[in-house]
2 protein chains.
Amino acid sequence: MSGERTARHDYADEIGAYFEGFGLPRIPGRILGWLLVCEPPHQSPEQLAEELGVSRGSVSMAMRMLQRNNAVERVTVPGSRRTHWRLRPGFWLDEAAEKAKQAREWIKQAERGLDVLADAPPESRRRLEEAKEMYTFLAEQYEHIETLWYEQRKK
Amino acid sequence: MSGERTARHDYADEIGAYFEGFGLPRIPGRILGWLLVCEPPHQSPEQLAEELGVSRGSVSMAMRMLQRNNAVERVTVPGSRRTHWRLRPGFWLDEAAEKAKQAREWIKQAERGLDVLADAPPESRRRLEEAKEMYTFLAEQYEHIETLWYEQRKK
DNA sequence: CCGTGATTTCAATATTTATTGAAAATTCTG
DNA sequence: CAGAATTTTCAATAAATATTGAAATCACGG
């Protein structure tokens with residue numbers, strides 16, 4: 001960590017703290033925050049380790065996690081043989097699709113519950129029927145959001 | 001843990017495992033799962049501790065968490081002086097409102113980032129402008145979902 | 001295909017978080 | 001309001017997870 005500490009570094013730390021609040025590891029959050037404000041908008045693993053004061057190993061782990069979530073993508077920089085990473089444009093919209101996926105998982109969980117309660121009285125089954133009904137509705141709504149964005153975009 | 005182990009207990013454990021997959025504590029998940037399939041649909045803390053084989057302290061902690069998330073509510077049972085808990089009907093729909101809240105938080109984070117980049121070139125600011133734009137859209141969509149449900153319901 | 005620099009892996013460790021259980025507090029009812 | 005039953009609190013412990021850093025692997029340019 002050689003360069004001076006700036007408001008950008010603070011910003012990265014705050015996004016890291018925000019991540020922690022959701023039970024997610026702090027370092028990927030700090031990297032995401034840094035990639036939102038760094039200059040240039042793409043960075044090498046070594047730059048990230050240096051600027052954020054974390055080990056290269058941690059950066060490697062974090063990049064893998066961020067990549068799995070489609071938050072970042074590799075970018076080639078002319079004149080450098082190093083990997084560079086930047087935020088994946090459009091990433092933020094993915095969360096709607098992710099929610100749709102989770103809703104569909106809950107529909108399955110509800111259905112499995114209804115199997116368990118196959119012989120139970122209707123008033124016992126109602127809890128799970130309600131859950132299934134609501135998640136079916138939610139899945140539809142979440143699935144629709146991305147499409148809507150691009151339609152609204154065209155104007 | 002005296003009564004025999006049934007498919008309902010397995011179901012509770014599976015919901016607990018599902019919770020764990022999201023980095024959430026397992027016991028609240030198991031309780032949620034149990035409350036989806038137990039008979040009757042409301043249970044005392046002691047029943048929960050007994051059926052799931054966890055300490056009363058853990059049940060107390062878990063109920064507090066579930067209550068904070070509006071997942072459960074107290075219910076009075078005639079002839080028993082004990083507290084009883086059941087799933088809060090309609091709970092599943094809340095997640096849309098929760099997502100709306102998170103989206104609004106991200107809008108603020110993006111705005112703070114734009115302050116940090118006040119003097120940065122437009123191409124640097126673009127990342128955050130995109131994030132703000134998308135979360136503004138997402139917040140609107142999420143906010144609309146609950147309303148839609150009740151409209152669609154009336155038919 | 002060798003050498004060098006960049007990246008990843010993974011065992012060890014530090015840190016955080018979940019869970020227990022006994023003691024304290026609370027809440028009913030008689 | 002006393003006494004008993006129920007619930008909550010919280011310090012101790014167990015369990016899980018994040019982070020490091022040195023060694024291994026990889027990938028590129030000569």
Side-chain angles (χ1 to χ4, degrees), chain A residues 1-2 9 12-13 15-35 42-69 71-86, chain B residues 1-2 9 12-13 15-35 42-69 71-86:
Chain A
M1 221 175 337
S2 64
H9 295 88
D13 286 357
I15 302 295
Y18 188 63
F19 256 56
E20 255 190 340
F22 285 93
L24 299 166
R26 184 200 299 217
I27 292 179
R30 291 177 68 203
I31 291 176
L32 193 75
W34 180 251
L35 288 175
H42 51 79
Q43 302 270 293
S44 70
E46 191 173 1
Q47 281 177 301
L48 293 169
E50 175 89 0
E51 295 289 355
L52 301 177
V54 300
S55 75
R56 287 141 208 269
S58 293
V59 172
S60 179
M61 289 293 203
M63 295 330 285
R64 194 205 296 208
M65 170 183 168
L66 291 171
Q67 194 179 24
R68 196 176 53 239
N69 293 302
V72 298
E73 63 189 10
R74 278 173 209 273
V75 117
T76 42
V77 173
S80 167
R81 67 155 85 168
R82 286 187 177 171
T83 308
H84 281 72
W85 296 94
R86 68 163 179 184
Chain B
M1 217 173 344
S2 64
H9 295 88
D13 286 358
I15 302 295
Y18 188 63
F19 256 56
E20 255 190 338
F22 285 93
L24 298 167
R26 185 199 300 215
I27 291 178
R30 291 176 68 203
I31 290 176
L32 194 75
W34 180 251
L35 288 176
H42 50 79
Q43 304 270 294
S44 71
E46 190 172 359
Q47 281 178 301
L48 293 169
E50 174 88 1
E51 295 288 354
L52 301 177
V54 301
S55 75
R56 286 140 207 269
S58 292
V59 172
S60 178
M61 290 292 203
M63 295 330 285
R64 191 205 297 210
M65 171 183 167
L66 291 170
Q67 195 180 22
R68 197 178 50 239
N69 293 304
V72 298
E73 62 188 11
R74 277 172 209 274
V75 118
T76 41
V77 174
S80 167
R81 68 154 84 168
R82 286 186 177 171
T83 308
H84 281 71
W85 296 94
R86 68 164 178 182

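All values derive from a computational prediction rather than experimental measurement. Convention: sequence-line order gives letters A, B, ...; per-chain numbering from 1. Hydrogens, waters and symmetry mates are skipped; everything else that's a heavy atom, side chains included, is used.
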Student: Going 5' to 3' along DNA chain C, which are the first and last nucleotides with any atom under 4.0 Å from a heavy atom of chain A?
Tutor: C:dA6 to C:dC10
Student: Before you tell me yes or no, could you show the steps for B:Ile27 and B:Leu52 under side-chain contact (heavy atoms from CB on, under 4.5 Å), namely the whole-Å CA-CA distance, both residues' side-chain angles and the distance that decides it to 0.1 Å?
Tutor: CA-CA 9 Å; B:Ile27 291 178; B:Leu52 301 177; 5.9 Å; no
Student: Would you tell me if any nitrogen or oxygen in the side chain of B:Arg56 comes within less than 4.0 Å of OP1 or OP2 on D:dT9?
Tutor: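 No.
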Student: Could you check whether any side-chain heavy atom of B:Pro45 comes within less than 4.5 Å of a side-chain heavy atom of B:Met63, counting everything from C-beta outward?
Tutor: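 The answer is no; the side chains never approach within 4.5 Å.
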Student: For A:Glu51 and A:Trp34, does a side-chain donor sit closer than 3.5 Å to a side-chain acceptor?
Tutor: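 There is no such pair (donor and acceptor under 3.5 Å, judged by atom type) between the side chains of A:Glu51 and A:Trp34.
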Student: Tell me what A:Arg74 touches on the nucleic acid: a base, only sugar-phosphate, or nothing, going by heavy atoms under 4.0 Å.
Tutor: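 Counting heavy atoms under 4.0 Å across all strands, the contact made by A:Arg74 is with sugar-phosphate only.
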Student: Nearest heavy atom decides the nucleotide; on that basis, is A:Arg81 or A:Met61 closer to the 5' end of DNA chain C?
Tutor: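 The residue mapped nearer the 5' terminus is A:Arg81.
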Student: Just checking B:Thr83: base, sugar-phosphate only, or nothing, at a heavy-atom cut-off of under 4.0 Å?
Tutor: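 B:Thr83: backbone/sugar contact only, no base atoms under 4.0 Å.
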Student: Using 0.5 Å steps for rounding, measure from the CZ atom of A:Arg26 to the CG atom of A:Asp13.
Tutor: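 Those atoms lie 7.5 Å apart.
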Student: For a side-chain contact (heavy atoms from CB on, under 4.5 Å) check, start with the C-alpha distance between A:Arg82 and A:Val77, then their side-chain angles and the critical distance, and finish with the verdict.
Tutor: CA-CA 8 Å; A:Arg82 286 187 177 171; A:Val77 173; over 6 Å; no
Student: Residues from residues 20-29 of chain B sitting under 4.0 Å of DNA chain C, heavy atoms only?
Tutor: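 Contacting residues: B:Pro25, B:Arg26, B:Ile27.
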Student: With respect to B:Glu73, which candidate in B:His84, B:Arg86, B:His42 satisfies the side-chain hydrogen bond (donor to acceptor under 3.5 Å, both in side chains) definition?
Tutor: B:Arg86
